[in-house]
Q: 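My structure is below; once you've seen it, I'll send some questions.
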Amino acid sequence: MKSLSRAIIVLAALAGVALALLQQVVAVSPEPLGGGVYVAGEVLVKFKPASSAQDRIASVAALGHVVVATLHQPGWVRVRIASGQSMDQVLATYQSDTRVASAQPNYIYRSAAVPNDPLYGQLWAFKSAAGNDMGLEPAWDHIADCSSVVVAVIDSGVNYTHPDLVSNMWNGGAGFPNHGYDYVGDHDNDPMDQFGHGTHVAGVLGAVGNNGTGTTGVCQRTRIMAVRVLDDTGAGTTVTTMQGIGFAVTHGARVINLSLVSSGGFDPALSDAITDAQNGDVVVIVVAGNGNGNEGRNIDLAGNVTFPCAFTQPNLLCVTALDQNYALAGFSNWGPTSVDLGAPGTNILSTSLGGAYDTLDGTSVAAPQVAGLATMLRAFNPQYTYADTVSAIRNGGRSADALAGLTATGKAADVMPSLAYINPPTGLTATLQ
Amino acid sequence: MRHSPFRHLASLLAATALSACGGGSEQSAPAARTVTLAWQASHESGVNRTGGGYQVSISDQPSIDVPYVSGSAAPTSASVFLQPGRYTVSVQAYAALDAQGGNTGSLSAPSQLITVYVR
Amino acid sequence: MKPGLRRLVALAVTLALASAAAACGSPAPRTPQAAAPAGARQNRVPGEYLVTVAARDRVAAIVDLYGQFGIKELRDLGGTVFLLRVTEDPGPARMEQVRGGSAHVLAVQPNLVYGTRRPGSAP
């Protein structure tokens, strides 16, 4: 009897220890979830009902792992795996354990990141009921903050005090306190927009998002460099534009938006500036331009050739405009050789002068949709070159019937597939030992 | 003239020795070799984190998975043991993120093919 | 002082001022330039050309070739490219003809107009 009592006491003590171990929450410093789809270093394991507490502990400990928590659902435990182990290997090991019912990663779930900007519902380019849009919302679940990348708006300047732009402007330091430079008029470091065009472009690609104010840009957070090369009538020259490109490249922009055109023919000096940007690993987004009135033209035909769209540098993307039916906008030029893809370019609401908002049509407002995408891609993939970025945008676009035969890709810019696109590996070699 | 039996034996021994040393008219069969395949690292972040990696395809061989394990990047090489022959090799990169924003994965197009001759 | 030497001295002073500003790493304030005349909407800015020389020390060749048209300004744009503003604009074809096969002046092109129409009327 005494020995039985003693045995019962010992068993009870052991059970208590086991239970305590199972319920023990291992102190784990909270770590940022990061941008991945699993919590790094963790798995969830469901043990079969028949497995004892000791069996479960033994299974986990045998692999050098630690139980972080016992979940409410019967049989489930959260496990911290040993560093350096691959998820696939760990899952395979647990799944081959006869005491285990199943094992999986600890997936990351995020809220669909719809920003709280009051005018967001009017931004059909980002989300439309018909599905004719760039699909920003799933992308924002993965990246909305592009502020690791500087994007230059080379245009009529930017209203950098606009409430929906001010905190997304590039910090140029003491040398450029107004977020850029002015190559028109005073040639000084104040690129304040007096025309409105550049301010609208800036808002499309980078109005502050989720700040309870106005609209949002493709990137909810970014760093916009304002470079004024167009005057109060929207006119600039080869000289102002090439100087503007030079400023942007010199001061760290990795994406440039150039929503301007010339009918003056091939421009060697501006071409050289684009090549300099290529050598500086900068992506340049340009426009197909608009035809007369509501009649776009084929700008691949002699006599219609439009620059800078017709330049052939590989760091250049030329954009045409789509309407809300994802048809080619009537005014928009096209070109199966020179024009790369399309993007929304009608009824585009964005920031304007005086802290207000305005709706514009034009290839000018289609290009910054793609410039925003380029900025997002380079922020999502910090190792991306201009070539990687251009490839992801071209290959990640969605086929659009209206663009087939009218653009080089026949596609419309599509954000999420571009983010998920993987360029094929290069440089494969084989060495016999 | 009668041939000495010793001369016959000497010739036989010499031929055997020559064969054993490979100096005869018959060559030894080529042996299997270890081949190290290597490629440039992908610039996509997803390839270089959990759920990412590479898949190596070798003609009529099972494909080889080279997953990301730890550190800043997935491995960019793999060693295989191949019998003599001609092989076509390519590599694809993969990541967990899919085109809808979920985690069912994406796979790149194959790299440029190379041909490996194992002799 | 001989006329040719006087011209070179004037050129040297102009270039010295322009180059010093460029070498400081940030553009220096310039005399405000008239924008393209409103409503002109030409393809190019009249009287303005970008001239590329073989080397920066060959700038005098620009004056030799184009001084005949009256040089209002010769501005260093960095590298080997200069903005030339002339008083009497002979047109791009004549400018190229004058350049001929110069070994010092490699290219001359008009300063083209780039732009966009006022918002609302699409570029």
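So that the names make sense, note that chain A is the first sequence line, chain B the second, and so on, each numbered from 1.
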Q: At a 4.5 Å cut-off on heavy atoms, which part of Asp88(A) comes close to chain B: side chain, backbone, both, or neither?
A: side chain

Q: Applying side-chain hydrogen bond (donor to acceptor under 3.5 Å, both in side chains), run through Asp414(A) and Tyr421(A) and close with a yes or a no.
A: CA-CA 11 Å; Asp414(A) 204 351; Tyr421(A) 179 77; over 6 Å; no

Q: Taking side chain as everything from C-beta outward and backbone as N, CA, C, O, which of these in Tyr68(B) sits under 4.5 Å from a heavy atom of chain A? Side chain, backbone, both or neither.
A: backbone

Q: At a 4.5 Å cut-off on heavy atoms, which part of Ser70(B) comes close to chain A: side chain, backbone, both, or neither?
A: side chain

Q: Hey, is CD on Gln383(A) packed in by over 12 heavy atoms from elsewhere, all under 6.0 Å?
A: no

Q: Mind checking the CG-CD spacing from Leu136(A) to Gln369(A)? Nearest 0.5 Å is all I need.
A: 8.0 Å

Q: If I measure from the heavy atoms of chain A, does Glu44(B) come under 4.5 Å with its side chain, its backbone, both, or neither?
A: both

Q: With a 4.5 angstrom heavy-atom cut-off, could you sort out which part of Val91(B) is near chain A: side chain, backbone, both or neither?
A: both

Q: Is a side-chain N or O of Arg223(A) found less than 3.5 angstrom from the main chain of Ser147(A), in a donor-acceptor match?
A: yes

Q: With only heavy atoms counted, which part of Met416(A) is less than 4.5 Å from chain B, the side chain, the backbone, both or neither?
A: both

Q: Judged by atom type as modelled, is there a donor-acceptor pair below 3.5 Å linking the side chain of Ser102(A) to the main-chain atoms of Lys46(A)?
A: no

Q: Looking at Gln95(A), I'd like to know if its CD atom is crowded, meaning that more than 12 non-hydrogen atoms belonging to other residues, nucleotides or ligands lie closer than 6.0 Å.
A: yes

Q: With chain B as the partner, which of Ser86(A), Pro138(A), Pro417(A) has the greatest number of non-hydrogen pairs under 4.5 Å?
A: Pro417(A)

Q: With chain A as the partner, which of Val35(B), Val118(B), Thr36(B), Thr76(B) has the greatest number of non-hydrogen pairs under 4.5 Å?
A: Thr36(B)

Q: Flag the one option from Asn48(B), Val47(B), Val69(B), Ile114(B) with the top tally of heavy-atom pairs under 4.5 Å to chain A.
A: Ile114(B)

Q: Before you tell me yes or no, could you show the steps for Leu37(B) and Ile58(B) under side chain to side chain contact (heavy atoms under 4.5 Å, CB included), namely the whole-Å CA-CA distance, both residues' side-chain angles and the distance that decides it to 0.1 Å?
A: CA-CA 10 Å; Leu37(B) 304 167; Ile58(B) 306 174; 4.0 Å; yes

